[in-house]
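To start, the structure under review is shown below, and the notes come after it.
For the single chain, residues carry numbers from 1 onward in sequence order.
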Amino acid sequence: MINLEKISEYKENNQLELKLAQGRDGRGAIPASIWETYSAFANTDGGLILLGVNDNLEVVGIANPEKLVQDFWNLLNSKSKVNRNILMERNVKIEAAEGKKIISITVPRAERSLRPIFLGKDP
């Protein structure tokens, strides 16, 4: 979708969302706002979420990306965050950008029969 080595040439839009994902302690955490983005992308045309990149397109990286990926899957599969997981393993990757590790989450458009994707248990 995008060239991670030229990330500074892009900007956030309706199919690209950047999240710092550093957490309060700077060790990395899943941002609370990720679920709204996941839902919006799934209900429209899909999109790409990059964790470890700030709003100024600076790659900050994730200190422990494996833990963050596991946390993401655990939360995504919990019905308390979103009603449905439409992702597969191939949609969530640890990647290198500017010599740092980031996490890319490719959210496809949900099939019509699976929409709407919504936060929590109640649409």
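- The list of ring-ring contact (aromatic ring centres under 6.0 Å, His included) pairs with a residue in residues 102-123, not counting sequence neighbours, is empty.
- Taking CG from L50 and CG from L20, the interatomic distance works out to 12.0 Å, rounded to the nearest 0.5 Å.
- Looking at P65 and L51, their side chains never come closer than 4.5 Å, going by heavy atoms from C-beta outward.
- Two different hydrophobic clusters hold V92 and L18 under the rule that ILVMFWY side chains link at heavy-atom gaps under 4.5 Å.
- At least one side-chain heavy atom of L119 sits under 4.5 Å from a side-chain heavy atom of E36.
- Scanning all heavy atoms of the two residues, the minimum distance from I49 to Y38 falls at CD1-N, 4.2 Å.
- By the criterion of side-chain heavy atoms lying less than 4.5 angstrom apart, applied directly or through intervening Ile, Leu, Val, Met, Phe, Trp or Tyr residues, V107 is grouped together with I103 in one hydrophobic cluster.
- With respect to I86, the side chain to side chain contact (heavy atoms under 4.5 Å, CB included) criterion is satisfied by exactly one of L76, I117, N91: I117.
- Annotation for K101: atom NZ does not count as buried by contact number, only 12 or fewer foreign heavy atoms lying within 6.0 Å.
- Between A29 and G23, the shortest heavy-atom contact is CB-CA, 3.6 Å.
- Applying the ring-ring contact (aromatic ring centres under 6.0 Å, His included) definition to pairs two or more places apart or across chains, those involving residues 69-117 are W35-F72.
- In this structure, L87 and P108 have side chains that are in contact, with non-hydrogen atoms separated by less than 4.5 Å.
- Side-chain contact between L48 and S104 is present, with heavy atoms from C-beta onward closer than 4.5 Å.
- Inter-residue side-chain proximity for I62 and Q22 is flagged as met; some heavy-atom pair is nearer than 4.5 Å.
- Annotation for V60 and K100: closest pair O-CD, 3.5 Å, computed over non-hydrogen atoms.
- For the side chain to side chain donor-acceptor pair (under 3.5 Å) condition, the pairs that include at least one residue of residues 43-54, sequence neighbours left out, are S39-N43, N54-E58.
- Separation of atoms CD1 (I102) and NZ (K93) is listed at 11.5 Å; rounding is to 0.5 Å.
- Between S33 and K19, the shortest heavy-atom contact is OG-NZ, 2.8 Å.
- Interatomic distance, OG1 of T37 versus CD of E17, reported as 4.0 Å (0.5 Å rounding).
- Between R115 and A42, the shortest heavy-atom contact is CD-O, 4.0 Å.
- Note that the OG1 atom of T106 and the CE atom of M88 stand 12.0 Å from one another [nearest 0.5 Å].
- Taking 4.5 Å as the limit, some side-chain heavy atom of I105 sits within range of a side-chain heavy atom of I34.
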